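Read through the structure below, which is laid out as structure tokens, and then see the notes.
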Amino acid sequence: DDEFDYDSNNLMLEWQWNHNPDNKSWSVTERPGYLRLHNATIASNILWARNSLTMRTEGPACSSVIKLDTSGMKVGDYAGLSAFQLKYGNVGVYIADDGSRKVYMARNSGSEVGNSKDQIIAQENLDGKEVYLKVEFTFATVSNYNVSNNIDKANFFYSTDGSNWKKIGDTLSMSYDLKLFTGYRSAIY
């Protein structure tokens, strides 16, 4: 848990940035109780998003939940929560060309870092400017040294009140390789 109620821009050690952060483009003190991320550079997908804040997931199951305030977002902006690895899945909000807010679930349609691209699987209109996002992770239990049953899954949800959750998109079958790092992380982008 992290309520982002820091006195200075020093995060708990559990947090890791995906890249070297642009320290002028994030803050936990600018608006007390919030992690604020500013767009400083355009990224084609989350793998290139410089200020993505990540935390390792834990088995046999865990979930990540954030409350997202979209009021500062502009046309073309994307923000949300990711099951983060090369084969990522995202649940988030983007601002469409007409200014409407869309809750969406996407996954990586590429097989390498260089050809990664968000493939939006599902989207719905978002009424209001705040939304809760959740990713639920379930990991295989290793028995007899057999992990071939591939039950490593992530599911994506959103809620307008933080209590009543609606599943969006499909289930991500997580896969592991060393093209990025070992394991999956939750990422705020």
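As a basis for the values below, the full set of heavy atoms in this structure was taken, side chains included, without hydrogen atoms, waters or symmetry mates. Everything quoted here is computed from the prediction, not taken from an experiment. Numbers here simply count residues along the sequence, with the first being 1.
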How long is the straight-line distance from [atom2] of [Y] back to [atom1] of [X], given to the nearest 0.5 Å?
X      : Y      : atom1 : atom2 : value
Phe156 : Arg107 : CZ    : CZ    : 9.5 Å
Tyr6   : Thr29  : OH    : OG1   : 12.0 Å
Arg185 : Phe84  : CZ    : CZ    : 7.5 Å
Gln85  : Asn108 : CD    : CG    : 10.0 Å
Leu126 : Ile95  : CG    : CD1   : 8.0 Å
Ile66  : Leu81  : CD1   : CG    : 5.0 Å

Counting only heavy atoms not in [X] (residues, nucleotides, ligands), do more than 12 fall under 6.0 Å from its [atom1]?
X      : atom1 : result
Asp161 : CG    : yes
Asp97  : CG    : no
Asp1   : CG    : no
Trp48  : CH2   : no
Asp127 : CG    : no

Legend entry - Name of the residue among Arg31, Arg36, Lys129, Arg101 meeting salt bridge (Lys or Arg N to Asp or Glu O under 4.0 Å) with Asp69: Arg31

Quick check: closest heavy atoms across [X] and [Y], and the distance to 0.1 Å?
X      : Y      : value
Leu86  : Ser116 : CD1-OG, 3.8 Å
Ala40  : Ser25  : CB-OG, 3.1 Å
Gly80  : Leu133 : CA-CD1, 3.7 Å
Ser8   : Val28  : O-CG2, 3.6 Å
Ala79  : Leu68  : O-CD2, 3.8 Å
Ile168 : Ala122 : CG1-CB, 3.8 Å

Inset, instruction - Might you work through the side chain to side chain contact (heavy atoms under 4.5 Å, CB included) test for Trp17 and Leu53, ending with a clear yes or no? - result: CA-CA 5 Å; Trp17 294 101; Leu53 189 58; 3.8 Å; yes

Just wondering, do [Y] and [X] contact through their side chains at under 4.5 Å, heavy atoms?
X      : Y      : value
Leu37  : Tyr189 : no
Lys134 : Val91  : no
Ile120 : Tyr94  : yes
Leu180 : Leu47  : yes
Val65  : Trp165 : yes
Val135 : Thr57  : no
Tyr34  : Phe4   : no
Asp22  : His38  : no

Heavy-atom donor-acceptor pair, [X] side chain to [Y] backbone, under 3.5 Å:
X      : Y      : result
Ser109 : Lys117 : yes
Tyr132 : Ser163 : no
Lys87  : Ser173 : yes
Asn18  : Ser52  : no

Going by atom types alone, do [X] and [Y] pair a side-chain donor with an acceptor below 3.5 Å?
X      : Y      : value
Tyr88  : Asp118 : yes
Ser159 : Lys166 : no
Lys102 : Asn125 : yes

Legend entry - Distance flag, aromatic centroids of Tyr184 and Phe139, threshold under 6.0 Å: no

Inset, instruction - Under the side chain to side chain contact (heavy atoms under 4.5 Å, CB included) rule, what do Asn90 and Ile46 come out as? Steps first, then yes or no, please. - result: CA-CA 9 Å; Asn90 298 336; Ile46 191 170; 4.1 Å; yes

Legend entry - Test side chain to side chain donor-acceptor pair (under 3.5 Å) applied to Asp77 and Asn39, step by step: CA-CA 8 Å; Asp77 285 350; Asn39 286 344; 2.5 Å; yes

